[in-house]
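Here's the structure, in structure tokens; my notes come after.
What you are looking at is a predicted structure, and each value in this text was computed from that prediction instead of being measured. All residue numbers in this chain count up from 1 along the given sequence.
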Amino acid sequence: MTFDLTSSLILSVPELALALSAMALLMVGVFSGERANTTVTGLSVAVLLAAIVWIVVFPAQGEAFGGAFINDPFARFMKLLTLVGAAVTLIMSVGFAKAERFDKFEYPVLIMLSTLGMMLMISANDMLSLYMGLELQSLALYVVAAINRDSLRATEAGLKYFVLGALSSGMLLYGITLVYGFTGNTGFEAIAAALSGGERQLGLVFGLVFVLAGLAFKISAVPFHMWTPDVYEGAPTPVTAFFAAAPKMAAMALLVRVVMGAFEPIAFDWQQIIVFISIASMLLGAFAAIGQRNIKRLMAYSSISHMGYALVGLSANSPEGVRGVVIYMLIYLAMTLGTFAFILAMRRNETNVEQIDDLAGLSATNPMMATIMTILMFSLAGIPPLAGFWAKWYVFLAAINAQLYWLAVIGVLASVVGAYYYLRIIKVMWFDESVGAFQPMAGELRFVLGLSGAFVLFYVFFGGPVGRLAEAAAMTFF
């Protein structure tokens, strides 16, 4: 037992580091008061970066805690994406939090606890560890959404997210109970073994539907997307950036692990659900964003459509499909972080502006900022040879090879429609009359925006090694 516990603890060192650091930093903040805000934020970023280094340098593999926790190439890859998303959004929030006066020490601690929940989700190998990780992530996110208590919009966003999140958690838990009732197991491997042993029952399919509905809520997939535009618009912009980045990585990884692990023997059933969610997300994200005037709401609908594109790869139920999902999430993370660095830099008269019309004539006042944003918008639209094109290429190719031709066609048509609102932003920046310059961009935002732009622009030169890493991650399930 001692040896088993020791090996389990070694496998979960990054998670333990985040948990212990979050509790220690909470104590530092409580006893030091507002003086500790900057220190706690800096130490939180350091812990997240240390976790990244540990995962890269010491790539542990195996099962822990009686099979409830698993570490494999797929988990490591997706954990790295999640940690990068959390660390970068925390760095980007420093200047904004001071300017808007919500630089509280609780904010980085909640981000760390939420990230801990995401890492547990990614490594979940049991329905109970899945639910515990999901709830740890969600409870912290509910508070983070409403962290700016002086803002009516932020409070409303937090309340909406809490109410709908509680509903989705109930659906997920009900689905888990049905799966347990019909298989007698909660472990993914045991569920898969029970399903492959005989004929699947209707009640089990209902359980599968409820589980997928609960997970679809976390990635903002249609028809469980209703919280996304309001929460994206109402929450403070750094919080919105966090919502758009790290939680999406973890929830998509968990969705892949659940369907490719526990429910692989009934692939025909879950493929139909994933295909429907994918088509609905792509189409709603493409058409609903056309009329948006607030750039954060537009990014919410953009996020919904991009999750739909990623699910195209999962629908293929093949190694190259999972590889496509992994590559898509990596490129989506880079594009999202860069775009939100730009949105955070949209400040005029000491106030953040969020309307697309506020970008008018940006090319005249800050041509470099406008150029990088143009690259990011072209990439989000899927214009070759930028990174966003290759993201869609891999998932559509996987769908075609799986003979899901009509799904790939719908995806391409949705991309054409979606290109309209990305091109409209470019048109406003380059061809409309200037409405005044933005304030000088903070150093950390300039760094993130520049790095994201470079990644998207030059992805074609290092896409090979990324593809090989993604393929190694995907082969975990095959």
Please tabulate, one pair per line, all N/O donor-acceptor pairs under 3.5 Å involving side-chain atoms of residues 206-219, not counting sequence neighbours.
residue: K218; atom: NZ; partner: S138; partner atom: OG; Å: 2.8

Show which side-chain atoms of residues 73-80 pair as donor or acceptor with protein atoms under 3.5 Å away, not counting sequence neighbours.
residue: R76; atom: NH1; partner: A60; partner atom: O; Å: 2.9
residue: K79; atom: NZ; partner: E15; partner atom: OE2; Å: 2.6
residue: K79; atom: NZ; partner: N71; partner atom: OD1; Å: 3.4
residue: K79; atom: NZ; partner: S123; partner atom: OG; Å: 2.7

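No side-chain donor from either of S44 and Y107 sits under 3.5 Å from a side-chain acceptor of the other. For the 3.5 Å distance criterion, the side chains of Y328 and H306 qualify, holding a donor opposite an acceptor.
Distance OG/S114 to CZ/F243: 7.5 Å, rounded to 0.5 Å. Atom CE in M307 sits 4.5 Å away from atom OH in Y332 (nearest 0.5 Å). Y422 contributes atom OH, which lies 7.0 Å from atom CG of L298 (distance to the nearest 0.5 angstrom). With values rounded to the nearest 0.5 angstrom, S379 atom OG is found 9.0 Å from F455 atom CZ. Remark: L423 CG to I383 CD1 distance equals 6.5 Å, nearest 0.5 Å. Annotation: the span from Q271 atom CD to N317 atom CG amounts to 4.5 Å, rounded to 0.5 Å.
N294 pairs by the side chain to side chain donor-acceptor pair (under 3.5 Å) definition with E354, not counting sequence neighbours.
Put simply, the side chain of L18 reaches to within 4.5 Å of the side chain of L48, judged on heavy atoms. Taking 4.5 Å as the limit, some side-chain heavy atom of W270 sits within range of a side-chain heavy atom of M260. Residues T336 and K248 are not in side-chain contact: their nearest non-hydrogen atoms beyond the backbone lie 4.5 Å or more apart. Annotation: side chain of M346 is in contact with side chain of L359 (closest heavy-atom distance under 4.5 Å). At least one side-chain heavy atom of I70 sits less than 4.5 Å from a side-chain heavy atom of R257. The shortest side-chain heavy-atom distance between D269 and F263 does not fall under the 4.5 Å cut-off. Side-chain contact between T115 and F242 is present, with at least one heavy-atom pair separated by less than 4.5 Å. Side-chain contact between V259 and I273 is absent, with no heavy-atom pair separated by less than 4.5 Å.
Judged purely by atom type and a 3.5 angstrom limit, S452 has no side-chain atom pairing as donor or acceptor with the backbone of V448. S278 places no side-chain N or O within donor-acceptor distance of the main-chain N or O of I274, the cut-off being under 3.5 Å. Of the possible polar contacts, none joining the R297 side chain to the Q292 backbone as a donor-acceptor pair under 3.5 Å is found. A donor-acceptor pair under 3.5 Å is formed between the side chain of N185 and the backbone N or O of T183. A donor-acceptor pair under 3.5 Å is absent between the side-chain atoms of S220 and the main chain of H225, judged by distance alone.
Taking both residues in full, the closest heavy atoms of A300 and P229 are given as CB-CA, 3.6 Å, listed atom of the first, atom of the second, then distance. In this structure, S315 and L404 approach most closely via the heavy-atom pair O-CD1, 3.6 Å. Considering all non-hydrogen atoms of both residues, I375 and G453 come closest at CG2-O, 4.2 Å. For A310 against M252, the heavy-atom pair with the smallest separation is CB-CE, 3.8 Å. Here the closest heavy-atom approach between residue K296 and residue A235 is recorded as NZ-O, 2.9 Å. Among all heavy-atom pairs drawn from E444 and G95, the shortest one is OE2-N, 3.6 Å.
Taking the six-membered ring for Trp and thresholds of 30 and 60 degrees, W390 and W393 have ring planes more than 60 degrees apart, a perpendicular arrangement. Ring geometry for W227 versus Y161: interplanar angle of 30 to 60°, hence tilted.
Atom CZ of F478 has more than 12 heavy atoms from other residues, nucleotides or ligands within 6.0 Å. Counting heavy atoms of neighbouring residues, nucleotides and ligands inside a 6.0 Å radius, atom CZ of F287 does not exceed 12 of them. Few gaps surround OH on Y131; more than 12 heavy atoms of other groups in view lie less than 6.0 Å from it. Atom CZ of F462 has more than 12 heavy atoms from other residues, nucleotides or ligands within 6.0 Å.
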* Candidate pair L386 and L457, rule side chain to side chain contact (heavy atoms under 4.5 Å, CB included), full reasoning -> CA-CA 5 Å; L386 302 175; L457 188 59; 3.7 Å; yes

* **Intermediate values then yes/no, side chain to side chain contact (heavy atoms under 4.5 Å, CB included), L362 and F438** => CA-CA 8 Å; L362 181 65; F438 290 137; 3.7 Å; yes

* Checking side chain to side chain contact (heavy atoms under 4.5 Å, CB included) for the pair M373/T339: CA distance, chi angles, key distance, verdict? -> CA-CA 7 Å; M373 185 60 167; T339 304; 3.9 Å; yes

* What's the verdict on side chain to side chain contact (heavy atoms under 4.5 Å, CB included) for L445 and L449, showing C-alpha distance, side-chain angles and the deciding distance? -> CA-CA 6 Å; L445 298 180; L449 183 63; over 6 Å; no

